[in-house]
Amino acid sequence: MVISSESILKSLNPEQQKAVMHTVGPMLIIAGPGSGKTRVITHRSANLILNEAVGKASVLAVTFTNKAASELKNRINQMNIPNQERITASTFHSFCARVLRAHGSYVGLDRNYTIYDSDDQLSAIKESMVIAEIDSKQTNPRSIQNLISKAKTSRKDSRMMAQDADSYFEELAATIYSKYEELLQRNNAADFDDLIAKTVDLLQNNPSVRESYNYNYQQVMIDEFQDTNASQYLLSKLLVQEHQNLTVVGDPNQSIYSWRNADITNILNFQDDFSDTQVISINQNYRSTQNILNMARNIISTNQLDIENQIYTENPEGSPVISHEAFDELDEADFVITESKLLTQGVTPEYNLSDIAIMYRVNAQSRAIEEACLKASVKYKIVGGIQFYQRKEIKDLLAYLSVISNPSDDISLTRAISNPGRGIGKKSIDSLKAFSTNQNLSLLDSLRRLNDIRINDGAIPALFNTRSNKLLCDFYNVFDDFMEQSSHITLIELIDLVLENSGLQSSILESSDKAQERWENILEFRETAREFNTQNALEGLASLLDRLALINDVDSYDESEDCLTLITLHQSKGLEFPVVFLVGLEEGLLPHSRSFDDYFQIEEERRLCYVGVTRAEKRLYLTHAFRRGLMGQYGPSVKSRFLEGLNIKKHISDKQPSTNATLVSQNGIKVVKPESKPLPKIGQTIVHNTFGEGIVLDVLSINQDFEITIQFGNASGTKKLLHSFAPIEILDNP
């Protein structure tokens, strides 16, 4: 059944309809969490095509993740409208990668350029530090990586960074940046920031190219606009310079990526930049219960950087939001897993494990939760762990394929020449790099020159000995065969050839470290490549490498697998779950300690908490610990300021999941927090409701309370309890 404009509008609320029907000029859509913004984008795209509002041109919808772009494409396909191929849904980076494949020569890129992911970029920066004679042990390469990224998104090259340097470290960074720029150009490579920056350069400096894209895309929509950086905003403006038909969709309250150089002022100032902007708020939440939404509103209400958009819902009130104070991170993890089992087990379980997400501020918090899952035999997955395409065996294979696609890629060739080990050590590789510099050649061309000298003259350049020269030439001959074969075999055949003749296959299968699992990963990669299996391997190889280079953490998330999801709050953006446990709501974690001295960072931390809360559909748990051990530190914790003054139900644990509760919990025991009770002294005998009699070993004043250490005479052993919550009674005097 083909959809019509009338049927498109029927499924929308009044504000959504206004957004969908807008056809001319700039528009700002303030879209609260769970308000159906993806529906608005897809329905507006369809409506523009159906009503011929773009003529014979196309609609471009841009978002941040491949997962979001795929969701847009799938929904558009399901709508079954005519000419739907004229709707392009893409990420910023994928769109720019395609533009540069077509027009990269204007900005110094060959069409077979390599996209360096974060790890490749770090390797290139380390190489640049060697060239600049800067010790990587004294200067952190990752810090340099972050400064270079910040400079690129701010439209600064190395010369501008040097001029603006305020410290010796920034001067060093500018020097490394300069060498890094040269290395990328020599390697015919671009990092993620370059994809945006070079596309901006292309459109700014080549009016004919810019005009062609303005003509081809008569309507441009940018999703998650609050997460754009300066370069992405400038790119958006250039794409609509001729017609101004730019629609941006976002929510200032969900701006959480300043550390990735996102600039919240892009959305806050949009109406100033485009004076005739139509502003539409879509603020009905379809995702969460009333109780969860009330909690979200209370948390975010004190922030100042905002555009008025009071979210509401017509959903039922739902279960109360539950607060739980654990003794430490182990107790917290046990509570979360126990509660998860109660929700998912029994005769008529209410949820599946896949319905539950455990969210945290920093990755290190997952350790205690993982251990609790293993102890309780509960299946789980971590989003953002070692990604499939970041596994060593996959990266090794990709290094060969990258050089076959782009022979100038020295970073990938350096990895390929060392994996698997073939007797070519660091000294030989350093000699090859020195020879390459002296000859002004790429590493692959340097290997070719060495081989030609060996064949024609039988000579060995001074930098090499007989053994290293032979090993390098042998490697070149194997690689030269890959290059020659690649133009007349399929991509799958090329992958098989590389695996066998490079030695990767035998190295993996003969290894003692998870050989079968590593080989199965290779076979899985081979199946992934089948989608690009053209008769000429080189034709499909560039598309495959682009796809893999632009994959991010959330793209690996598999909703179909029935297991708990462990995920950071930053990675949870764009996802939703029936049940959410937001753990570690403590000062120093959420908000993070790095934000304490910066009002704007505190606001972002509050927005991050808001994002986590609004991922929940039916049930929300907020937990914190009295004490926490994390990253080598162990000590008392202070409940997060984000929980202060909120109307939250305290948790009691029994044989059922939490429902209405007005009591607090300590180690799963129902207790009423008394106004005051006697404080035991060291040596006194006490009795505990569950653990029985015990002797007080220590009493420590902490955080406006007391931590009591008690030795129990049974299997319970030694326990540390919080005095105000501990169900104990003093039996005698010392």
Side-chain angles (χ1 to χ4, degrees), residues 322-339 342 365 367-369 371-372 375-376 583-589 621-641 643-644 648-655 658 661-734:
I322 301 300
S323 171
H324 175 76
E325 181 183 62
F327 178 72
D328 58 16
E329 74 278 5
L330 301 179
D331 185 34
E332 179 183 56
D334 286 342
F335 163 74
V336 170
I337 302 309
T338 299
E339 193 76 6
L342 290 171
Q365 288 175 260
R367 179 194 62 81
I369 301 168
E371 290 180 0
K375 180 181 177 182
V583 302
L585 274 157
E586 299 147 27
E587 293 291 298
L589 273 180
Y621 296 79
L622 307 175
T623 73
H624 59 283
F626 170 63
R627 300 179 71 87
R628 185 173 297 274
L630 189 68
M631 294 178 285
Q633 302 293 320
Y634 184 76
S637 302
V638 177
K639 184 171 68 172
S640 172
R641 70 189 72 182
L643 295 179
E644 295 300 328
I648 312 175
K649 295 293 185 182
K650 301 294 184 180
H651 173 254
I652 54 173
S653 181
D654 205 343
K655 295 183 179 180
S658 302
T662 56
L663 306 183
V664 295
S665 71
Q666 177 67 24
N667 294 325
I669 307 302
K670 292 183 183 180
V671 294
V672 178
K673 183 175 181 179
E675 293 299 322
S676 63
K677 62 181 180 181
L679 178 68
K681 299 177 181 179
I682 295 174
Q684 280 188 316
T685 302
I686 58 90
V687 63
H688 187 280
N689 286 3
T690 300
F691 305 133
E693 290 189 11
I695 302 296
V696 176
L697 301 181
D698 194 14
V699 179
L700 178 64
S701 175
I702 194 166
N703 196 26
Q704 298 182 336
D705 209 327
F706 294 91
E707 177 189 283
I708 309 170
T709 304
I710 304 171
Q711 175 66 54
F712 292 98
N714 51 30
S716 297
T718 301
K719 299 287 183 182
K720 291 185 178 182
L721 306 177
L722 193 60
H723 173 247
S724 59
F725 295 125
I728 61 174
E729 180 183 347
I730 301 172
L731 294 184
D732 63 5
N733 292 317

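Predicted model only: the values in this text are computed from it and were never measured.
Taken from CD1 in I686 to CD1 in I728, the straight-line distance is 5.0 Å, to the nearest 0.5 Å. Interatomic distance, K681 NZ to I708 CD1, rounded to the nearest 0.5 Å: 13.5 Å. Considering CD1 of I710 and CD1 of I695, their distance stands at 10.0 Å, rounded to 0.5 Å. Distance check, rounded to the nearest 0.5 Å: CG of L622 to CD1 of I322 gives 9.0 Å. Rounding to the nearest 0.5 Å gives a distance of 12.5 Å between CG of L697 and CD of Q684.
Between the side chains of E586 and S640, no donor-acceptor pair of N or O atoms lies under 3.5 Å.
In this structure, K375 does not pair ionically with E371, as no charged nitrogen and carboxylate oxygen lie closer than 4.0 Å. A salt bridge between R641 and E587 is present, with a side-chain N of the basic residue lying under 4.0 Å from a carboxylate O of the acidic one. By the 4.0 Å N-to-carboxylate-O rule, E325 lies too far from K639 to be salt-bridged with it.
Minimum interatomic distance between A333 and A372 (heavy atoms only, all atoms of both residues): CB-CB, 3.8 Å. Heavy atoms only, all atoms of each residue included: A376 and I337 are closest at CB-CG2, 3.8 Å.
In terms of modelled atom types and a separation under 3.5 Å, the side chain of E693 and the main chain of T685 share no donor-acceptor contact. Although no hydrogens or angles enter the test, the distance criterion places no donor-acceptor pair under 3.5 Å between the side chain of E339 and the main chain of V336.
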* To do: Give the C-alpha distance, both sets of side-chain angles, the deciding distance and a yes or no for side chain to side chain contact (heavy atoms under 4.5 Å, CB included) between L589 and Q365.
  => CA-CA 10 Å; L589 273 180; Q365 288 175 260; 3.8 Å; yes

* To do: Would you check, one step at a time, whether the test side chain to side chain contact (heavy atoms under 4.5 Å, CB included) holds for L679 with V699?
  => CA-CA 9 Å; L679 178 68; V699 179; 4.1 Å; yes

* Go through the steps to decide whether R627 and E329 satisfy the test salt bridge (charged side-chain N to carboxylate O under 4.0 Å, His left out), and finish with yes or no. => CA-CA 7 Å; R627 300 179 71 87; E329 74 278 5; over 6 Å; no

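Using a 4.5 Å heavy-atom cutoff, the side chains of E729 and H688 are not in contact. Two residues are said to be in side-chain contact when any heavy atoms from C-beta on lie closer than 4.5 Å; T623 and S323 fail this criterion.
Relative ring orientation between F335 and H324 is described as parallel, the plane-to-plane angle staying below 30° on a 0-90° scale split at 30° and 60°.
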